[in-house]
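This report refers to the structure that appears directly beneath it.
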Amino acid sequence: MTDVNLSEAEKTFILHSIQDDFREDGRGCEDFRHMEVETSLISNTNGSSRVRLATTDVLVGVKVQITDVDPNKPEVGRLEFFLDCSANATPEFEGRGGEKLASEITAMLTRAYAHPNALDYGSLCLLPGQQCWLLYVDILLLECGGDLFDAVSIAVKAALFNLRIPMVTMTKDEGGIELDVSDDPYDFKRLDVTGAPLLITVNKIGHFHVVDASEKEESCTLARLILGVTSKGTVTAMKKEGAGSLDSHSISDMMESACKVGMELNKSLMAVLAEEESQGVKPVGFLR
C-alpha cells in the first residue's frame, strides 16, 4: 500500500466522505477514475498497450515464442509475466526497491490467469506433447498514482486483445514435423480474451470500502482484498493485504462489490477496445 503522510484532519475528512458515498474527487465508493487506453504502440512486439489511470501509468508489451510444452500440461500453451518498476515512477523503486511489488503483482496475475477459462490455452498448442506458443507479457510501471494491481491488469488484458499471433504451417518430412512461422504481418490469428480476468482491489477504510483507491485513500486503508474477476463474475484468484482484520460480513460485502465492478469494467473495456480497433483511433478515454 502507498505510504503517504496525512494529517489526522485529512484522514478524518476522507473517512467521512466515504461514509457519505462521496469521495474527495467526487466519485462514489464503487466508481473508477477516468482512464485512457492505447494499443499497438510498440512495433517490435506482437501486442502492446498503455493505460493511464489518473497518474498511474502502465505500459505492456507481449511477445510470442515457440517453445516446449509443460510436461504437466502437454496440450496447452503457456503464459509468463514480467514486471519492471521504473525508478522514475517513485524514488522508492531506485535500486532494487520495486522488486517486492513486482513479484507480488506478477504472482497475482499468474494466479488469476491460471484459471482454465481465463484464456483458450488449448489454441496456443501447436503440437500436443511437443510444441506450443509461449506468451511473454512484459510490464513497465512508469508512474504510480494508486491502484497499481488494477491498472496493470487492465493494461495486460488490452495488450492480449491487441495480440497478433503468426500463423504456423506444418510439414512432414523424414525427421518428423517441421513448423514454419509466417512472416506476413497480415497472416495472423487472434486470442479470445473475453474470459480474461481483471484485478479489482477493494480497500477497507473505517467501516466502509472503496474500489480504485487514490494514494491518499490507500494510506487510510486498514486492509484490502484483491480479486481476479471475469466478465461473468467468476472469481479466479483472491488475496488479502494489510495489517487490519476482516470479518466474514466485510469479506462478503467486499467480494460482492468486486464482482459487480469487475463485470462492468470488463464489459466497458472490451467495448472500448473493439471501438478503438474499428475506428483505428487512439488514445481512447472512458469513464466509470
Side-chain angles (χ1 to χ4, degrees), residues 1 29-33 35 37 47 49 51 53 56 58 60 62 73 76-83 100-122 124 135-139 141 146-163 191-204 209-213 218 221 223-242 246 250-273 288:
M1 298 182 191
C29 290
E30 294 185 347
D31 293 335
F32 264 73
R33 289 168 289 181
M35 260 178 278
V37 180
S49 71
V51 167
L53 174 60
T56 295
V58 182
V60 174
V62 184
K73 299 178 180 179
V76 296
R78 295 160 58 189
L79 181 69
E80 293 185 6
F81 297 98
F82 303 90
L83 191 149
K100 181 180 178 182
L101 175 63
S103 63
E104 290 175 351
I105 294 178
T106 54
M108 189 63 189
L109 285 170
T110 300
R111 289 174 55 196
Y113 273 85
H115 193 279
N117 295 328
L119 294 174
D120 183 9
Y121 290 104
L124 298 176
L135 310 185
Y136 288 105
V137 182
D138 293 308
I139 306 161
L141 184 56
D147 204 19
L148 298 180
F149 282 80
D150 300 19
V152 167
S153 73
I154 294 167
V156 166
K157 183 164 183 172
L160 291 173
F161 175 90
N162 182 242
L163 181 64
L191 186 64
D192 183 7
V193 298
T194 305
L198 295 178
L199 299 182
I200 305 296
T201 304
V202 187
N203 293 262
K204 182 73 179 293
H209 56 265
V210 299
V211 301
D212 184 26
E218 286 183 346
T221 296
R224 65 181 183 179
L225 289 181
I226 306 171
L227 298 94
V229 182
T230 70
S231 58
K232 295 183 178 180
T234 302
V235 176
T236 63
M238 184 170 69
K239 177 184 180 182
K240 185 261 183 185
E241 289 190 341
L246 295 173
S250 294
I251 293 174
S252 177
D253 286 347
M254 293 167 75
M255 289 184 65
E256 183 178 346
S257 290
C259 290
K260 175 185 175 183
V261 172
M263 287 190 291
E264 294 176 355
L265 188 57
N266 268 291
K267 293 174 182 177
S268 296
L269 177 61
M270 291 298 292
V272 166
L273 291 172
R288 282 211 66 263

Query raised in the report: Under the 3.5 angstrom rule, does the side chain of S231 hit a backbone N or O of G195 as a donor-acceptor pair?
Result: no
Report summary line: Residue set satisfying salt bridge (charged side-chain N to carboxylate O under 4.0 Å, His left out) with R78, at least two apart, ordered chain then number -> E80
Query raised in the report: Is there a donor-acceptor contact under 3.5 Å linking the side chains of T234 and H115?
Result: no
Query raised in the report: Does D150 reach the main-chain N or O of D212 with its side chain, forming a donor-acceptor pair under 3.5 Å?
Result: no
Query - Distance-minimising heavy-atom pair for G262 and V229 - result: CA-CG1, 3.9 Å
Query - Heavy-atom check, side chain of L83 versus side chain of L109, under 4.5 Å - result: no
Requested in this report: Measure the NE2-CG distance between H209 and L246 for me, rounded to the nearest 0.5 Å.
Outcome: 11.0 Å
Report task. Give the minimum heavy-atom separation between L119 and D192, together with the two atoms involved. Result -> CD2-O, 3.8 Å
Report task. Please name the pair of heavy atoms, one in L199 and one in A112, separated by the smallest distance, quoted to 0.1 Å. Result -> CD2-CB, 4.0 Å
Report task. Take I105 and I139, measure what side chain to side chain contact (heavy atoms under 4.5 Å, CB included) needs, and give me the verdict at the end. Result -> CA-CA 10 Å; I105 294 178; I139 306 161; 5.5 Å; no
Query raised in the report: At their closest point, which heavy atom of V58 faces which heavy atom of A151, and how far apart are they?
Result: CG2-CB, 4.1 Å
**Report entry** Atom pair OG1/CZ of T194 and F161 - distance to nearest 0.5 Å
**Finding:** 9.0 Å
Query - Partners passing side chain to side chain contact (heavy atoms under 4.5 Å, CB included) against S103 (at least two apart in sequence or in another chain) - result: none
Query raised in the report: Would you say the side chain of K204 lies within less than 4.5 Å of the side chain of L225, judging by non-hydrogen atoms?
Result: no
Query raised in the report: Does some side-chain heavy atom of V272 sit less than 4.5 Å from a side-chain heavy atom of M35?
Result: no
**Report entry** Short side-chain donor-acceptor distance under 3.5 Å, S49 and N162
**Finding:** no
Requested in this report: Would you check if the side chain of K157 reaches a backbone N or O of L198 as a donor-acceptor pair within less than 3.5 Å?
Outcome: no
Report task. Would you check, one step at a time, whether the test side chain to side chain contact (heavy atoms under 4.5 Å, CB included) holds for T230 with N117? Result -> CA-CA 9 Å; T230 70; N117 295 328; over 6 Å; no
Report task. Apply side chain to side chain contact (heavy atoms under 4.5 Å, CB included) to the pair E104 and K239, showing each step before the final yes or no. Result -> CA-CA 10 Å; E104 290 175 351; K239 177 184 180 182; 3.9 Å; yes
Report task. Step by step, work out the side chain to side chain contact (heavy atoms under 4.5 Å, CB included) result for L160 and Y113. Result -> CA-CA 12 Å; L160 291 173; Y113 273 85; 3.8 Å; yes
Requested in this report: Evaluate the side-chain proximity of T56 to D147: yes if any heavy-atom separation is below 4.5 Å, no if none is.
Outcome: no
Report task. Indicate the atoms forming the closest heavy-atom contact of E241 with R224, along with that distance. Result -> OE1-NH2, 2.7 Å
Requested in this report: Measure the spacing between CG of L227 and OG of S257 and express it to the nearest 0.5 Å.
Outcome: 10.5 Å
Query raised in the report: For K267, does the NZ atom sit with more than 12 other heavy atoms under 6.0 Å from it, leaving out its own atoms?
Result: no
Report task. Considering non-hydrogen atoms only, spot the tightest contact between L265 and F32 and give its length. Result -> CD2-CZ, 3.8 Å
Query raised in the report: What distance do I200 atom CD1 and M238 atom CE have between them, rounded to the nearest 0.5 Å?
Result: 14.5 Å
